[in-house]
Amino acid sequence: MQVVSSKEALSLPDGETVIVRGWVYRKREFKDKIFVLLRDREGIIQLVFPQQIPESQIARKLNIESSLIVEGMVKSDVRAPGGKEIHVSKVLWYFIGEPFPINEYAAQADSEYLLDVRHLWIRSRKMWAILRVRHTVFEAIHEYFRSKGFYEVHCPIFVSSAVEGGATLFKVRYFDREDVYLTQSAQFYLEALIFSLERVYTIAPSFRAEPSRTRRHLTEFWHAEAEMAWAGMRDVMRVSEELITHVVRKVLEDRLEELSLLKRNLEKLELVKPPFPRVSYDEAISMLNSMGLDIKWGADLGADEERALTQKFDTPIHLYGFPSVAKAFYHKDYPEDREKPLWERRTLSVDVLAPEGYGEIVGGGERIEDPEELRRKIREFGLKEEDYQWYIDLRKYGSVPHAGFGLGVDRLVMWICGLDHIRDSLPFPRDIRRVRP
RNA sequence: GCCGCCGUAGCUCAGCCUGGUAGAGCGGCGGGCUGUUAACCCGUAGGUCCCGGGUUCAAAUCCCGGCGGCGGCGCCA
């Protein structure tokens, strides 16, 4: 007797006897029979227990989320969800659960209670669908980078200094020596690794101790980062748009059922194809000013501006050429701006903004390869050279033009799934308030 | 860090403005029902109205303080 998934059972001919196992999703009792919707990793199938058989005594006791293994016969019925159901002849194993504390009303409300019982809520159809899309997103990212000759590498989580100047770090006690920090980006380590492998990528958690309270921020998020030797800002644009397009297409191929369960508008995703529109910061400023917003050159774009800008496009866009003062020190300045003062210079940096108001999902650009230029920028930013000693060191021994970017994988999942909040893009989100379950 | 909102049954919420001793739906339990699709119908149990103080004859309701949570901005992926 073979154990089959709900999905496999639905594809079998009538009369097959199979074993299925899973959890009770719904139960409906009648005088002569009991319907149990059984949930497993692949979906849902309806079990029918006739009241005459002794097994129905067990079925009567089943609560929502009770678990069981049954043997039964596949039978077509137009009234069954999926067109087929299993007429149970034997219960091989079961566990009667306590009353399940989550109901449809809580699910609709998307309440904080669902965050308290997250360890149980991940069984829901919604989280099931999201987790399966997320699985495919990670798969597609690996697939893309590997197919393009990038080596996968792994960088430390414990680090001794900051990557971003302003971003806040989580401090961790490290034996009896000075404190270390949780990494906020693998970028500096990837930059070191290109001198060995030329094109590298990693998917790893990054940590930000920013007290952000928005639907787009986590304190622990999954970061897909890539770094390329012999590359510039244009290469970052090309690789990032190819990557995003590949991921979206893969999800559209493999996860249609999940997307429709999430009520995602597929047309929006089908529009995603390279090249993405390229908008310079200068153009963005004049576009925004002509839309009635009052933005001065030099300011970073806020959430309102990002939203206004992306509303003009149906697909993700590349926004490039940010002012140097609005970006981290390691970004390379436009060569023609080199003699200008810091506040008038632009960087060879680029962000990808997702449409439908989802905003920034990628940040990257060309890095400074000249050690003297890097030192100057560190000083201009009021940072200490000694804090970046090994990073400067990379430029001393056969420096090369190089560029890279970081993709917020949770934000990508959020946008692809059309979620209201980033914390639903992963099973156990960490934000400023929540570290459990 | 700044601004706003919320805390009542296991869960989702109403009641609060205008003070008078606690309500609904779901879930639980019991019963009914010839195939349900978040089934339906009848019955029933279930409460530290977040905590502390104040005003009042009387506080879930008004005032003050605290705690917890949610949303938004800034910052970023």
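FYI, side chains are in, hydrogens and waters are out, and symmetry mates aren't considered; it's all heavy atoms of this structure. Fair warning: this is a prediction, and the values are worked out from it, not measured in the lab.
Base pairing of B/U55 is not made with any nucleotide, judged by Watson-Crick or G-U wobble geometry with both donor-acceptor distances under 3.5 Å.
At the heavy-atom level, A/Phe35 lies under 4.0 Å from base atoms of the strands shown. At the heavy-atom level, A/Val409 lies nowhere under 4.0 Å from the strands shown. Residue A/Ile361 is classed as a sugar-phosphate contact, given heavy-atom separations below 4.0 Å to backbone atoms only. A/Arg60 comes within 4.0 angstrom of nothing in the nucleic acid, heavy atoms only. Within the nucleic acid shown, A/Glu29 comes within 4.0 Å of at least one base atom, counting heavy atoms only. Residue A/Gly359 is out of contact with every strand shown, counting any heavy-atom pair closer than 4.0 Å. Residue A/Asp32 is classed as having no contact, given no heavy-atom separation below 4.0 Å to the nucleic acid. Using a 4.0 Å heavy-atom distance criterion, A/Leu37 is classed as making no nucleic acid contact. Using a 4.0 Å heavy-atom criterion, one finds that A/Ala303 contacts the sugar-phosphate atoms exclusively. Residue-level contact check: A/Asp77 touches the bases, meaning some heavy atom is under 4.0 Å from a base atom. Note on A/Arg434: only backbone sugar-phosphate atoms sit closer than 4.0 angstrom, heavy atoms only; bases stay farther off. Contact annotation for A/Arg433: backbone-only contact, meaning every heavy-atom pair under 4.0 Å involves sugar-phosphate atoms and none involves a base.
One N or O donor and one acceptor, one from the side chain of A/Ser212 and one from the base of B/C75, sit under 3.5 Å apart. For A/Gln46 against B/U36, a side-chain-to-base donor-acceptor contact under 3.5 Å is present. For A/Glu85 against B/G35, a side-chain-to-base donor-acceptor contact under 3.5 Å is present. Applying the 3.5 Å distance criterion, the base of B/C76 shares a donor-acceptor pair with the side chain of A/Arg411.
Among the nucleotides B/G35, B/C75, B/C70, the one closest to any side-chain atom of A/Glu210 is B/C75. In this structure, the nucleotide among B/C33, B/A77, B/C73 sitting nearest to the side chain of A/Arg208 is B/A77. Of the candidate nucleotides B/G28, B/U37, B/C76, B/G28 has the atom nearest to the side chain of A/Pro99. Of the listed nucleotides (B/U36, B/A77, B/G74), B/U36 has the atom at the smallest distance from the side chain of A/Arg28. The A/Arg423 side chain lies nearest to B/G71 when the options are B/C73, B/C76, B/G71. Looking at the side chain of A/Asp300, the nearest of the listed nucleotides B/U37, B/C76, B/C26 is B/C76.
For A/Tyr201 and A/His142, the gap between ring centers is short of 6.0 Å. In this structure, A/Tyr330 has its ring center no closer than 6.0 Å to that of A/Tyr388. Between A/Phe95 and A/Trp23, the ring centre distance reaches or exceeds 6.0 Å.
Rounded to whole Å, atom C1' of B/G74 lies 13 Å from atom CD of A/Glu306. Going from atom CZ of A/Arg216 over to atom C1' of B/C73 covers 12 Å, rounded to whole Å. Going from atom OH of A/Tyr113 over to atom C1' of B/G27 covers 10 Å, rounded to whole Å.
At least one side-chain heavy atom of A/Glu143 sits less than 4.5 Å from a side-chain heavy atom of A/His246. Side-chain contact check for A/Pro427 versus A/Leu131: some heavy-atom pair is nearer than 4.5 Å.
Between the P atoms of B/G27 and B/C41, the separation comes to 11 Å (whole Å). Nucleotides B/G47 and B/A9 have their C1' atoms positioned 5 Å apart, rounded to a whole Å. To the nearest whole angstrom, the two C1' atoms, one in B/U37 and one in B/G19, are 47 Å apart. Taking the C1' atoms as reference points, B/U36 lies 44 Å from B/U61, given to the whole Å. A distance of about 13 Å separates the P atoms of B/C6 and B/C50, rounded to the whole Å. Distance check on atom C1': B/G52 versus B/G10 gives 27 Å, rounded to whole Å. If you take atom P in B/A24 and the same atom in B/C33, they sit 27 Å apart, rounded to whole Å. Comparing B/C73 with B/C57, their P atoms are spaced 48 Å from each other, to the whole Å.
Taking side-chain N and O atoms only, A/His421 has a distance below 4.0 Å to OP1 or OP2 of B/G71.
By the criterion of a centre-to-centre distance under 5.5 Å and near-parallel planes under 30°, the ring of A/Phe221 forms a stack with the base of B/A77.
Using a 4.0 Å cut-off between a side-chain N of Lys or Arg and a carboxylate O of Asp or Glu, A/Arg307 and A/Asp304 qualify as a salt bridge.
Sequence order on RNA chain B of the closest nucleotides to A/Gly363 and A/Pro81 puts A/Pro81 first from the 5' end. Of the residues near RNA chain B, A/Asp431 and A/Pro211, the one whose nearest nucleotide (by heavy atom distance) lies more toward the 5' end is A/Pro211.
Note that A/Arg234 lies in the cation-pi zone of A/Tyr320, set by a 6.0 Å cut-off to the ring centre and a 45° limit from the axis.
In this model, a donor atom of one side chain and an acceptor atom of the other lie less than 3.5 Å apart for A/Trp297 and A/Asp282.
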